[in-house]
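Here the structure is laid out as structure tokens; the discussion comes afterwards.
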Amino acid sequence: MTELLDGTVEVRGDDPATPTALRTAAGWRRVERVATRWMVDTDWWRRPVRREYLRCLLSGGECCELYRDLDEGGWSWSRRYD
């Protein structure tokens, strides 16, 4: 099952492109592994969307997806997997 998420997420990490921890409702969770990452660069004729998505495996076994806005630099939630 997939839960769509919305809103910004606070991240920690030495490299701004690869978080090592995420702040969840339950507190800070360590990113065990970035399972996959991909780029989205679309809608140049309207309002451009330039994002880098990451699917992360968190401590405790949770899997979530977040993205970084490549123009603004902020991180946001996308979805959570059961």
Taking side chain as C-beta onward, heavy atoms only, is Arg33 less than 4.5 Å from Val31? no
Check whether more than 12 heavy atoms from other residues, nucleotides or ligands sit under 6.0 Å from atom CG of Asp43, and answer yes or no. yes
Rounded to the nearest 0.5 Å, what's the gap from OG on Ser78 to CD on Glu65? Could you check? 4.5 Å
Whether over 12 other heavy atoms sit under 6.0 Å from Arg37 CZ: yes
Where is the tightest heavy-atom contact between Pro16 and Arg68, given as atom of each residue plus distance? O-CD, 3.8 Å
Taking atom CD of Glu3 as the centre, does the number of heavy atoms from other residues, nucleotides or ligands within less than 6.0 Å exceed 12? yes
Roughly how far apart are Arg79 CZ and Asp6 CG, rounded to 0.5 Å? 12.0 Å
Any Lys/Arg nitrogen of Asp82 or Arg80 sitting under 4.0 Å from an Asp/Glu carboxylate oxygen of the other? yes
Which pair of non-hydrogen atoms, one from Val34 and one from Cys56, has the smallest distance, and what is that distance? CG2-SG, 4.3 Å
Where Asp69 and Glu72 come nearest, the two heavy atoms and their spacing: OD1-N, 2.8 Å
Gly13 to Thr20 - nearest heavy-atom pair and separation: CA-OG1, 3.5 Å
If you group Ile, Leu, Val, Met, Phe, Trp and Tyr whenever their side-chain heavy atoms sit less than 4.5 Å apart, what else falls in with Trp28? none
So which atom in Arg29 and which in Gly60 form the shortest heavy-atom distance, rounded to 0.1 Å? NH2-CA, 3.9 Å
Please report the shortest heavy-atom distance between Pro19 and Leu66, naming the atom on each side. CG-CD1, 4.4 Å
How long is the straight-line distance from OG1 of Thr24 back to CG of Leu5, given to the nearest 0.5 Å? 11.0 Å
Please examine the side chains of Ser76 and Val9, heavy atoms only from C-beta on, and report whether any two atoms are closer than 4.5 Å. no
Check this for me: does any side-chain nitrogen of one of Asp71 and Arg50 sit under 4.0 Å from a carboxylate oxygen of the other? yes
Is the shortest side-chain heavy-atom distance between Cys64 and Leu58 below 4.5 Å? yes
Begin from the C-alpha positions of Leu70 and Glu52 and carry the test side-chain contact (heavy atoms from CB on, under 4.5 Å) through to its verdict. CA-CA 7 Å; Leu70 295 174; Glu52 179 182 27; 4.1 Å; yes
Is there any ring pair (Phe, Tyr, Trp, His ring centres under 6.0 Å) pair reaching into residues 59-82, and which pairs are they, with sequence neighbours excluded? Tyr53-Tyr67
